[in-house]
Amino acid sequence: MQRSRVMVRLIGVVAAGASVAGLAAGCSSQSQVPSIGYAVDAAIASYNGGSTLGASGGATAVFGRVLTGFYYTGPDGQQVADTDVGTAKEVPGEAQTVQYRLNPDGVYSDGVPTSCDDLYLTWAARSGRFTKPGGGSLFDAASTAGYADIERVECQPGSKDATVVFRPDRRYQYWRNLFTAGELMPAHVAASAANVPNVVSPLQTGDAAGAGRLADFWNTGWTLTESADLTRFPSSGPYRIDSFSPTDGVVLVANERWWGNKPETGRIVVYGKSADLGKKIGDGSVSVVDIGGESVKDLDLGGFSTRTVPGRGAEQLVLATGGVLGSADARRGFAQCVPRQELYNQLGKAKDLPKTALGAGPLNGHIVQQDSLFYPAVTGAAEKYLNPDISRATATLASAKAAGQTLRIGYLGPDERRARTVAMIAESCKGAGITVVDAGAADFDPSQLAAGKVDAVLGGAGGVPGPSGSLSGVAATSALRTGNGLNFGRFGNGRYDSITDQLAADDNSTAQLNLLTEGENLLWAEMPSIPLFATPRTIAFAEGLQNGVAGPTQAGSGWNMDRWVLKR
């Protein structure tokens with residue numbers, strides 16, 4: 001079973017067209033390098049990929065082989081079963097029912113067995129069901145997509161089995177996106193921190209105090225700082241955290257208790273956005289690179305096999321729904337001066353375009369990907385926002401009483417491409433009387449949009465700075481749903497929420513076409529975000545790096561880091 005999983009990770013995705021680099025034949029003069037550096041433009045802020053902080057920072061691109069799940073995101077954005085973790089299958093029942101069975105050998109790096117408690121905590125945190133006395137969720141979850149449709153998780157504390165039963169009136173076709181890598185957290189750590197015997201009992205019995213303590217820990221207890229207590233960060237995968245520093249990265253070492261195939265390389269150092277990626281790449285510390293195209297100025301990738309490909313993530317402006325952009329007219333007026341076609345031409349057109357439609361032009365869909373069969377039919381509303389129309393923008397802004405305003409665009413810096421993006425928007429929009437300010441900063445995070453410190457965020461769905469997106473597109477859809485953690489613009493529209501619920505439940509092609517058309521028309525009218533292009537990803541493997549497979553998705557190219565081998 002373990003061998004078959006490795007073959008899927010190494011071979012199946014290659015057949016799907018992912019780029020493989022560094023497959024140099026070994027020779028007697030070469031020896032294996034014991035440590036590999038990996039540069040990725042994620043903001044390493046939290047271990048918990050299901051929290052708002054973790055998801056918006058791109059935690060799954062860093063910890064996918066540290067915190068495993070029943071599925072992981074493959075390099076083409078598809079969900080792939082990880083049978084080392086366990087099995088998940090739909091079973092007959094009056095309501096949609098999924099039976100999860102954890103591997104009997106599964107154990108965290110601290111010696112505590114994996115259990116259904118881990119699933120129960122993930123569901124509780126992501127369901128939106130557990131609320132504060134005054135309203136609002138106890139848990140700061142990035143999204144409730146799918147988890148909110150679960151009626152109950154049947155779990156005897158400590159058991160390896162869990163039965164997930166969905167609400168009788170609901171069916172969730174993307175159930176393989178649940179309990180996945182980077183999001184299935186160690187429940188025993190939360191229970192200990194909250195001083196409860198297990199996570200199931202207080203949540204089942206309505207123990208408000210115990211549930212509150214669990215939520216407090218889930219929200220903040222896995223935040224990564226140099227002083228973090230790493231005993232609270234046990235691993236369920238082939239690697240575990242050995243140390244962390246914002247400038248020197250996350251040092252991952254082989255997890256001695258991992259029950260699957262041993263990692264090919266015993267040490268991986270992951271350098272995130274705050275680690276000065278240009279310097280780390282330049283001084284030879286890095287052998288795998290996965291960053292936004294043209295994001296690092298004067299980057300020299302000599303000695304690397306390099307491709308720049310369109311990613312599954314959408315480069316976009318996430319707009320505030322308050323302040324200067326508080327009305328739909330104001331947001332539309334701004335969109336009318338954004339040069340989407342020229343931004344694509346200069347900054348969004350990846351050098352290595354695939355044969356599919358992904359990345360072939362400006363992105364015209366908020367929630368539909370360019371290589372979807374539905375895309376041409378449902379994105380007509382975007383055409384009038386392709387090129388700037390300064391006279392229309394001026395009139396629209398005037399009618400919205402938003403003329404002559406200053407608009408701040410924030411992003412995680414330094415980022416050469418995003419700085420150029422803001423500069424091009426500023427030059428275009430000044431003709432409509434809008435002063436655009438570059439608010440990019442090294443300490444930026446997308447929650448500043450909700451706090452009113454910026455008026456727009458430039459990044460992926462939910463403001464993710466680095467790898468993002470998957471084939472299902474659930475993150476993009478849920479990032480605009482009322483109340484979700486990644487909805488930093490605080491957009492709320494009841495009809496849109498109903499559309500997303502129906503899209504997740506009904507796989508009939510006619511119904512999907514009608515819902516997607518209505519959804520895109522609604523979003524281009526309300527303008528909670530402005531799609532620009534599929535984010536170009538520069539992915540590079542050093543000479544001698546074997547088994548590297550490009551993954552321009554939310555899992556990043558580190559999705560199979562346990563198979564990497566570097567020979568010099």
Side-chain angles (χ1 to χ4, degrees), residues 16-18 76-79 173-174 293 308-318 331-332 335-336 338-389 392 460-461 468-481 493 495-496 498-537 552-554:
D76 290 328
Q78 76 279 36
Q79 292 302 105
Q173 62 172 313
Y174 303 118
T308 299
V309 298
R312 282 285 166 196
E315 191 80 352
Q316 60 184 308
L317 290 162
V318 182
R331 297 191 294 274
R332 284 195 297 271
Q336 286 162 357
V338 173
R340 293 198 313 118
Q341 179 69 59
E342 192 59 24
L343 286 169
Y344 169 78
N345 291 345
Q346 292 196 31
L347 304 173
K349 188 174 183 179
K351 294 177 182 177
D352 302 291
L353 287 175
K355 294 179 181 179
T356 66
L358 188 67
L363 179 59
N364 291 334
H366 292 80
I367 57 176
V368 186
Q369 298 185 59
Q370 287 172 297
D371 54 354
S372 164
L373 294 175
F374 297 114
Y375 181 83
V378 305
T379 54
E383 290 301 320
K384 60 184 177 183
Y385 296 101
L386 195 58
N387 296 298
D389 187 331
R392 281 181 61 217
S468 64
S470 66
L471 199 58
S472 68
V474 169
T477 306
S478 62
L480 293 174
R481 201 183 193 288
N493 182 288
R495 179 53 192 156
Y496 175 76
S498 296
I499 289 170
T500 63
D501 290 345
Q502 293 174 71
L503 283 170
D506 193 343
D507 60 0
N508 176 273
S509 59
T510 301
Q512 289 271 315
L513 175 64
N514 292 334
L515 290 165
L516 288 170
T517 302
E518 183 183 357
E520 287 293 350
N521 287 339
L522 184 156
L523 293 172
W524 281 107
E526 294 294 320
M527 206 67 75
S529 62
I530 305 174
L532 301 177
F533 44 77
T535 306
R537 303 293 301 170
T553 74
Q554 63 191 10

### Message
For L513, is the CG atom crowded, meaning more than 12 foreign heavy atoms sit under 6.0 Å from it?
### Response
yes

## Note on the structure
Closest heavy-atom pair, A335 versus Y385, reported as atoms and distance to 0.1 Å, is CB-CD2, 3.8 Å

### Query
Between F533 and L343, what is the shortest heavy-atom contact and its length?
CE2-O, 3.9 Å

### Query
Less than 4.5 Å apart, any side-chain heavy atom of H366 and any of W524?
yes

### Query
Can you name the nearest heavy-atom pair linking P362 to Q341, along with the distance?
CG-OE1, 3.6 Å

### Message
Please determine whether a side-chain nitrogen of the Lys or Arg among D501 and R481 lies less than 4.0 Å from a carboxylate oxygen of the Asp or Glu.
### Response
yes

### Message
So S478 and T500, do their side chains get closer than 4.5 Å, heavy atoms only?
### Response
no

### Task
Examine distances only and state if a side-chain atom of Q369 and a backbone atom of L358 form a donor-acceptor pair shorter than 3.5 Å.
no

### Message
Tell me whether Y344 contacts the main-chain N or O of G359 through its side chain, where contact means a donor paired with an acceptor under 3.5 Å.
### Response
yes

## Note on the structure
CD of Q502 to CG of L515, rounded to nearest 0.5 Å, is 5.0 Å

### Message
Can you tell me how far apart OG (S472) and CD (Q78) are? Round to the nearest 0.5 Å.
### Response
11.0 Å

### Message
Whether the side chain of R332 engages the backbone of A525 through a donor-acceptor N/O pair (distance < 3.5 Å, no angle test) should be reported.
### Response
yes

### Message
Strictly distance-based, threshold 3.5 Å: is any side-chain N or O of R340 a donor or acceptor partner for the main-chain N or O of L363?
### Response
yes

### Message
So does G473 get a backbone contact from the side chain of Y174, meaning a donor-acceptor N/O pair under 3.5 Å?
### Response
no

### Query
Does the side chain of L516 reach to within under 4.5 Å of the side chain of I367, using non-hydrogen atoms?
yes

### Task
Check whether the side chains of E518 and N514 place a donor and an acceptor atom closer than 3.5 Å, and report yes or no.
no

### Query
Taking E342 for the side chain and N387 for the main chain, is one N or O donor matched with an acceptor at less than 3.5 Å?
no

### Task
Would you check if the side chain of R331 reaches a backbone N or O of E526 as a donor-acceptor pair within less than 3.5 Å?
yes

## Note on the structure
Here the pair of heavy atoms bringing Q370 nearest to A357 is O-CB, 3.3 Å

### Message
Is any side-chain heavy atom of N493 closer than 4.5 Å to one of L480?
### Response
no

### Query
Taking atom CG of D352 and atom CZ of R537, what is their separation to the nearest 0.5 Å?
14.5 Å

### Task
Mark yes or no for whether D506, through its side chain, and N508, through its backbone, hold a donor-acceptor pair below 3.5 Å.
yes

### Message
Would you say that R312 contacts D371 through its side chain, given a criterion of any heavy-atom pair below 4.5 Å between the two side chains?
### Response
yes

### Task
Check T517 against V378 and note the closest heavy-atom contact, atom names and distance.
OG1-CG1, 3.2 Å

### T535 side-chain N/O to E315 backbone N/O, donor-acceptor pair under 3.5 Å
yes

#### Entry: From CG (L532) to CG (L317), nearest 0.5 Å
5.0 Å

### Task
Heavy atoms only: give me the nearest G348-P536 pair and the separation to one decimal.
O-CG, 3.8 Å

### Query
Does the E520 side chain pair with the main chain of A381, one donor and one acceptor, at a distance under 3.5 Å?
no

### Task
Side-chain contact test, heavy atoms from C-beta onward, threshold under 4.5 Å: evaluate it for N364 versus L386 and give yes or no.
yes

